[in-house]
Structures are given as structure tokens and as C-alpha cells.
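Here's the structure, in C-alpha cells; my notes come after.
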Amino acid sequence: MKILVLNGPNLNMLGKREPNIYGRLSLADLEDNINTLAKNLGVEVEFFQSNYEGAIVEKIHQAFGRIDGIIINPGAFTHTSIAIRDAFLSVNIPFVEVHLSNIFSRESFRHKSYLSDIAQGVVSGLKEYSYLCALNYLVELLKH
Ligand code: DQA
């Protein structure tokens, strides 16, 4: 089983960026933690981060026929991107939307997501555990 973990804009700045909101882990630390869980679950994970909307759209297209499930933190594109929504609808790969922060306890412009209604589920506000919960769930979902 192969899972793709996608991170959108500014998530390469994790650890340095607003640590009170996003935590102190770097993106590399976060990916290490996800890798450790993936090994325990016996699944393969691939990571991709980009600050560019089109690069994320292309990565979702390239997942077609190759990747079983996707975990995505779309960053600010959550609240703006019909293109990423349409990419998921094009490939029809099950995905979980994750956020480090609780987007519903923040500014009202963060309450709207273009992905939530087509995601298997959304995990928001559990810092790095949002990704780990999503991985546990996706693996269960794909096994059955
Ligand atoms: C985020 C929340 C978004 O609103 C924000 O633009 C991000 C990160 C999160 O992980 O909490 O870049 O997706």
C-alpha cells in the first residue's frame, strides 16, 4: 500500500513559522514521525511539499494508478483552491485533509475549505498528530 503525504505553501517553514500556532517540529521532523508510523503499519509513504498550486495539482494527477491514498495539508490553498479540489475529483483517490492548527478557532476566512466535503475526513488542530491520525485511518480504510 502506498500513501502520498502532500504539504502546501509555507509548510517548508515549519519549526520557524509561528511556532505558537504550528508547533516546533520542522517538516523533516514531521516526515520522520510519519515514516516511523508508516513502517509500523507496514505501508510505504511518499512526501511532497510545494509552494505552488500547479505543482500540487500535477502531483495529484501523477498519483493516479500509483497511489492508494493521500494525506494533504493544503495550507492556505485550503481556503482558495478550486483547482486542487478538481484534481482530487479527477483522480478519485481517497484522501484526508489535515491541519496542524484548529482552523475553526481562527480567523473566519480559514473556516471555509474547498476540500472538506469531498475528503474522507478532516483532522484539524492536533498538530503533528493530525497527520498520524489520518495515516492510521487511511490504512484501515484501504485494508477493508
Ligand atoms: C494550516 C492552516 C491554514 O489556514 C494555513 O494557511 C496554513 C496551515 C494548518 O496546518 O493549520 O498554512 O493548513
Side-chain angles (χ1 to χ4, degrees), residues 1-41 43-64 66-142:
M1 188 187 301
K2 194 154 184 188
I3 308 288
L4 173 64
V5 179
L6 285 178
N7 278 295
N10 300 306
L11 291 162
N12 55 312
M13 295 299 287
L14 278 184
K16 303 187 187 91
R17 170 192 188 201
E18 300 178 273
N20 52 320
I21 296 177
Y22 297 116
R24 296 194 177 276
L25 283 189
S26 67
L27 183 59
D29 294 335
L30 172 65
E31 291 179 348
D32 279 352
N33 289 350
I34 297 169
N35 244 331
T36 302
L37 175 61
K39 285 207 181 89
N40 287 337
L41 295 172
V43 301
E44 208 183 321
V45 273
E46 181 180 321
F47 297 101
F48 183 75
Q49 187 278 329
S50 180
N51 296 318
Y52 298 93
E53 187 176 15
I56 295 170
V57 167
E58 284 182 354
K59 195 72 189 175
I60 295 167
H61 293 169
Q62 288 158 11
F64 184 75
R66 215 174 54 79
I67 294 286
D68 302 298
I70 298 177
I71 295 168
I72 183 166
N73 183 345
F77 292 148
T78 309
H79 320 298
T80 61
S81 183
I82 299 169
I84 292 176
R85 175 189 180 86
D86 285 347
F88 277 114
L89 291 172
S90 308
V91 298
N92 202 24
I93 297 171
F95 74 96
V96 178
E97 174 186 340
V98 300
H99 301 283
L100 294 149
S101 66
N102 178 354
I103 56 174
F104 300 103
S105 68
R106 301 182 63 196
E107 305 94 321
S108 58
F109 62 82
R110 294 186 203 274
H111 299 177
K112 160 86 188 160
S113 164
Y114 279 94
L115 296 177
S116 298
D117 64 306
I118 60 162
Q120 294 296 320
V122 182
V123 192
S124 183
L126 307 187
K127 301 268 167 55
E128 70 269 24
Y129 300 105
S130 296
Y131 292 78
L132 303 178
C133 290
L135 181 59
N136 272 314
Y137 175 75
L138 256 187
V139 170
E140 276 307 306
L141 176 80
L142 293 167

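Order of appearance sets the numbers: ligands from 1, and atoms from 1 within every ligand.
- Counting only heavy atoms of the protein, atom 11 (O) of ligand 1 lies nearest to Ser101 OG, 2.5 Å.
- No side-chain heavy atom of Tyr131 sits less than 4.5 Å from a side-chain heavy atom of Val96.
- With hydrogens left out, the protein atom closest to atom 9 (C) of ligand 1 is Leu100 N, 3.4 Å, a heavy atom.
- With no hydrogens or angles considered, no side-chain donor-acceptor pair links Asn51 and Glu53 at under 3.5 Å.
- Under 4.0 Å from ligand 1, heavy atoms of His99 appear from its side chain as well as its backbone.
- No donor-acceptor pair closer than 3.5 Å links the side chain of His79 to the backbone N or O of Ser113.
- Protein heavy atom nearest atom 5 (C) of ligand 1, with residue, atom name and distance: Arg110 NH1, 3.3 Å.
- Residue contact annotation: Asn73 has a non-hydrogen atom under 4.0 Å from ligand 1.
- With a heavy-atom cut-off of 4.0 Å, Arg17 touches ligand 1 through its side chain alone.
- Below 3.5 Å of separation, one finds an N or O of Ala76 facing an N or O of ligand 1.
- For ligand 1, the polar-atom distance check against Arg106 finds no nitrogen or oxygen pair separated by under 3.5 Å.
- The backbone N or O of His99 lies less than 3.5 Å from a partner atom in the side chain of Ser130, making a donor-acceptor pair.
- In this structure, Phe77 has no heavy atom closer than 4.0 Å to ligand 1.
- A salt bridge is defined here as a Lys NZ or Arg NE, NH1 or NH2 lying under 4.0 Å from an Asp or Glu carboxylate O, and Lys59 with Glu46 meets this definition.
- In plain terms, the two heavy atoms of Leu126 and Cys133 that are nearest each other are CD1-SG, 4.0 Å.
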Worksheet item: Passes side chain to side chain contact (heavy atoms under 4.5 Å, CB included), Thr78 versus Leu115? Steps please.
Response: CA-CA 7 Å; Thr78 309; Leu115 296 177; 5.7 Å; no

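- Considering only non-hydrogen protein atoms, atom 4 (O) of ligand 1 sits nearest to His79 NE2, 2.7 Å.
- With atom 7 (C) of ligand 1 as the reference point, the heavy atom nearest to it among Pro74, Gly75, Ser113 is part of Gly75.
- Looking at Ile71, Asn7, Leu4, Asn35 one by one, the single match for side chain to side chain contact (heavy atoms under 4.5 Å, CB included) with Phe47 turns out to be Asn35.
- At a heavy-atom distance under 4.0 Å, only side-chain atoms of Ile103, from C-beta outward, approach ligand 1.
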